[in-house]
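Taking it in order: structure first as structure tokens, then the write-up.
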Amino acid sequence: MIHIESLTKQYPTKTLFSEAAAHLRPETRVGLVGRNGTGKTTLLRMIIGEDSPDDGTIRKRPWLRIGYLPQELDAPTDLTVLQAAHREQYPEHEAKRILSGLGFGEADWHRSLQTFSGGYRMRVALGHLLLSHPDVLLLDEPTNHLDKPTQAWFESFLLASKMTMLVISHDTKFLDRLTTHIWEIRHRQILEYRGNYRTFQAQRAQLDTQQAAAAQRQAKEVARVQKFVDRFRYKAAKAKQVQSRLKQLEKIKLLETQRDPKRLRFKFPQPAKSGIKVLDLDDVRKQYGDHVVYEGLRFSVECGQRVALVGENGAGKSTLLKMLAGVLPFEAGTRQEGHGVTLHYFAQHQAEILNPEHSILESLTEAAPQAETNYLRSTAGVFLFSGQDQKKPIKALSGGERNRVALARMLVEPANTLLLDEPTNHLDPTSVDVLTDALIDFQGTIVFISHDPVFLSRVATRVVEIEDGRVKDCLGDYEYYLWKRSQEFEALNAQEEPRTRTGPKTQKTRNASPATEAIPPSKKPTRRDMTKTINRLEKQVARSEEEITALEDRIKARAEELATPELYRDFPRWNELHQEHERWKEELDVLTNRWSTLSTELAELKDQLAKVG
């Protein structure tokens with residue numbers, strides 16, 4: 001469908017592609033990966049004609065319809081959500097179906113697009129794109145603004161579609177589930193791999209190992225031949241053999257072990273400590289038009305906490321973060337900063353903060369006007385902007401590069417409180433790991449929003465869930481928060497589902513340790529007592545295995561049901577079944593843990609019985 005031949009693209013300070021080639025085949029789902037700034041977005045823009053190569057060609061099938069979702073959208077129009085989705089080009093009922101899947105309720109359809117956040121406006125653009133059903137779908141970071149239920153629906157839609165896709169994403173799990181092929185931009189070439197992201201990683205590691213081994217073998221052979229030449233170069237008796245060896249060396253095409261570019265490495269400067277109370281919102285009211293987001297909100301942050309704000313998209317996480325940062329006014333209430341507090345706010349959309357006309361160096365100077373130029377240059381170098389690259393304008397940078405500039409601005413003027421809205425968006429996996437390590441080492445206070453579960457697990461020491469304008473505090477890390485939620489779901493299921501198999505007494509026996517209840521502590525267990533307990537435990541283990549098998553079958557059947565095209569057209573029904581599917585998976589974890597406990601007790605009791613003899 002699309003043939004890329006001898007593609008070359010370069011800028012004054014950087015070459016992105018050099019004689020690169022690739023072929024996008026019909027009905028393939030290709031993940032486009034590579035480090036930040038290697039040219040992923042540029043390649044998509046060249047395919048749709050918004051940019052042009054310096055040399056080479058991109059051949060497309062005649063009458064090919066291409067749909068493109070960029071990283072950033074233009075300023076919103078005064079259209080409603082529904083109008084912006086169908087644009088009088090597609091049936092309204094189809095637009096409503098797609099919008100429902102993307103998380104819009106019926107009350108949202110006739111709201112102005114301008115009243116929504118950037119993430120929701122991106123969803124509307126995605127909805128219009130899906131309605132158009134192009135032959136080729138080009139997506140640049142499509143999951144950045146999707147919560148879990150919406151992303152699950154979106155993945156199901158794409159998997160059921162016959163569209164050919166070329167997708168940029170740093171969400172490796174998303175690529176694992178979706179892609180059939182991977183294109184990697186590496187060393188100015190496009191390398192094609194068959195399989196999903198996990199398969200690509202294994203293939204690339206194997207290829208790198210093979211190339212390194214081949215280069216090492218060749219180097220040894222060249223050294224051996226060169227040693228012979230050096231030893232007998234001036235001996236007439238060996239002249240013919242020396243000449244033969246020299247010709248052999250001339251014909252050898254040396255294999256070069258190409259190294260990946262430098263990796264991002266940095267640490268946040270340790271700032272002066274603030275007072276115990278860092279930020280405080282009291283009795284805050286915030287609304288957009290008639291829509292009230294918060295009423296009587298009370299929220300505070302203390303020194304040294306790393307607070308994660310979680311919740312569905314549209315719940316008000318970014319609104320809360322902006323109010324904490326002091327960049328968003330509110331209708332009522334007060335905001336107070338503690339003693340010695342200095343702030344850095346990292347916006348979800350860097351276009352809101354960075355001046356697109358400034359160069360990288362000018363942007364750093366804006367953040368720290370008193371800093372010396374050499375210091376600013378060295379800081380830019382830490383974030384992999386060196387030499388002439390530092391003069392590139394912000395508007396010419398990729399999303400990942402803009403995020404690196406925003407992080408660099410935080411380093412040139414140290415602060416003891418960081419407010420971060422989706423800081424991992426657009427960053428490649430390696431850069432995310434470096435950022436995570438830097439935040440863990442940071443001694444100040446952090447409040448952040450992220451949809452990345454690994455990032456949340458490693459960074460957060462306190463989790464705040466936001467739902468319907470209410471904040472629910474969890475003084476523990478993200479794993480503790482998930483455990484608490486699973487306990488709440490389990491308690492809810494216990495209330496809703498009738499007790500079919502056992503009465504209250506049996507239930508009590510299940511929750512207690514079977515071995516402990518069977519044998520009174522005052523009485524030393526006899527062989528007969530132990531045998532009875534073993535028999536009882538074996539029955540309970542067998543029953544647990546039956547329950548696990550039955551639940552696994554239900555989960556598998558539901559997963560197949562959720563993947564049917566007919567169901568994802570009815571989003572409310574799909575979402576209801578998806579939520580139940582998630583609860584079943586949590587129940588499976590509980591059952592598996594119980595089976596493991598019973599099996600361990602059974603094994604220990606059998607060992608004791610063997611010793612009794």
Side-chain angles (χ1 to χ4, degrees), residues 117 119 268-282 284 286 293-294 297-330 333-350 352-353 403 406-407 409-411 413-425 432 435-467 469-478 480-481:
S117 66
F268 288 104
Q270 298 306 333
K273 198 169 182 180
S274 68
I276 295 177
K277 185 65 70 73
V278 176
L279 292 167
D280 185 74
L281 298 176
D282 185 48
V284 165
K286 177 62 190 173
V293 182
Y294 292 106
L297 171 68
R298 287 181 172 82
F299 185 79
S300 62
V301 181
E302 293 185 354
C303 179
Q305 291 182 331
R306 299 199 296 264
V307 185
L309 305 180
V310 301
E312 300 292 336
N313 279 11
K317 302 186 297 295
S318 292
T319 297
L320 176 55
L321 199 67
K322 288 177 180 178
M323 291 192 297
L324 288 170
V327 299
L328 181 67
F330 39 85
T334 59
R335 170 187 177 271
Q336 285 188 334
E337 288 185 10
H339 173 72
V341 171
T342 51
L343 286 174
H344 270 316
Y345 169 57
F346 182 99
Q348 184 176 359
H349 302 283
Q350 289 306 321
E352 298 173 4
I353 300 296
N403 276 16
L407 290 171
R409 284 165 60 99
M410 291 184 173
L411 260 68
E413 193 69 29
N416 54 34
T417 304
L418 307 180
L419 305 178
L420 312 173
D421 196 347
E422 297 286 2
T424 63
N425 277 3
V432 171
L435 173 61
T436 304
D437 292 338
L439 291 175
I440 291 172
D441 291 339
F442 181 63
Q443 299 299 310
T445 306
I446 306 171
V447 185
F448 69 98
I449 299 169
S450 178
H451 287 101
D452 184 338
V454 176
F455 183 76
L456 285 164
S457 297
R458 292 190 61 195
V459 177
T461 59
R462 173 187 169 195
V463 178
V464 176
E465 183 178 25
I466 301 172
E467 184 178 9
R470 298 187 302 271
V471 294
K472 184 178 179 182
D473 220 332
C474 175
L475 294 172
D477 60 15
Y478 188 66
Y480 175 67
Y481 160 75

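The figures that follow rest on heavy atoms only: side chains count, while hydrogens, waters and symmetry mates do not. Index from 1, following the sequence.
Residues satisfying the ring-ring contact (aromatic ring centres under 6.0 Å, His included) test with Phe299, not counting sequence neighbours, are none. In this view, Asp280 satisfies the salt bridge (charged side-chain N to carboxylate O under 4.0 Å, His left out) rule with no residue, not counting sequence neighbours. Here Phe330 pairs with nothing under the ring-ring contact (aromatic ring centres under 6.0 Å, His included) rule; sequence neighbours left out. Annotation: salt bridge (charged side-chain N to carboxylate O under 4.0 Å, His left out) contacts of Arg306 (sequence neighbours excluded): none. Residues satisfying the side-chain contact (heavy atoms from CB on, under 4.5 Å) test with Ala315, not counting sequence neighbours, are Ile466. Residues passing the salt bridge (charged side-chain N to carboxylate O under 4.0 Å, His left out) test with Glu465: none are found, sequence neighbours excluded. Take Ser318 and apply the side-chain contact (heavy atoms from CB on, under 4.5 Å) test, not counting sequence neighbours, and it matches Gln348, Asp421, Ile449. By the ring-ring contact (aromatic ring centres under 6.0 Å, His included) test, Phe448 is found to be paired with Phe455, residues two or more places apart in sequence or in another chain being considered. Scanning for side-chain contact (heavy atoms from CB on, under 4.5 Å) contacts around Gln305 gives Val301, Glu302, Val307, Arg462, with sequence neighbours left out. Under the rule for a salt bridge (charged side-chain N to carboxylate O under 4.0 Å, His left out), Arg470 has no partner lying at least two apart in sequence or in another chain. With sequence neighbours excluded, the residues that form a side-chain contact (heavy atoms from CB on, under 4.5 Å) with Asp477 are Glu479, Tyr480.
With contacts defined as side-chain heavy-atom distances shorter than 4.5 Å, the pair Ile446/Leu439 qualifies. Taking 4.5 Å as the limit, every side-chain heavy atom of Thr445 sits out of range of all side-chain heavy atoms of Leu418. You'll find the side chain of Leu420 reaches within 4.5 Å of the side chain of Met410, heavy atoms only. When side chains are defined from C-beta on, Val464 does not count as touching Lys472, because their heavy atoms never get closer than 4.5 Å. Residues Phe346 and Arg409 have side chains not in contact (no heavy-atom distance under 4.5 Å, counting atoms from C-beta outward). With contacts defined as side-chain heavy-atom distances shorter than 4.5 Å, the pair Arg335/Val284 does not qualify. At least one side-chain heavy atom of Cys303 sits less than 4.5 Å from a side-chain heavy atom of Lys273.
Heavy-atom minimum distance, Val463 versus Ala460: CG2-CB, 4.3 Å. The shortest non-hydrogen separation linking Leu324 to Val447 is CD1-CG1, 4.1 Å. Heavy-atom minimum distance, Lys277 versus Ser300: CD-CB, 4.1 Å. The two atoms that bring Gly340 and Asn416 nearest to each other are O-ND2, 2.8 Å, heavy atoms only. Taking every heavy atom of both residues into account, Tyr294 and Gly316 meet most closely at OH-O, 2.7 Å. Listed here is the closest heavy atom pair of Ala415 and His344: CB-CD2, 3.4 Å.
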message: Checking Arg458 against Ile440 for the side-chain contact (heavy atoms from CB on, under 4.5 Å) test, could you report, in this order, the C-alpha distance in whole Å, the side-chain angles of both residues, the deciding distance, and whether it holds?
response: CA-CA 8 Å; Arg458 292 190 61 195; Ile440 291 172; 3.8 Å; yes

- prompt: Can Thr334 and Leu281 be said to form a side-chain contact (heavy atoms from CB on, under 4.5 Å), step by step?
  reply: CA-CA 6 Å; Thr334 59; Leu281 298 176; over 6 Å; no

message: Test side-chain contact (heavy atoms from CB on, under 4.5 Å) on Leu279 and Glu337; report intermediate values, then the result.
response: CA-CA 5 Å; Leu279 292 167; Glu337 288 185 10; 3.7 Å; yes

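Here the NZ atom belonging to Lys322 is positioned 12.5 Å from the NZ atom belonging to Lys317, to the nearest 0.5 angstrom.
Residue pairs meeting the side-chain hydrogen bond (donor to acceptor under 3.5 Å, both in side chains) criterion with at least one partner in residues 446-457, sequence neighbours excluded, are Asn313-His451, Glu422-His451.
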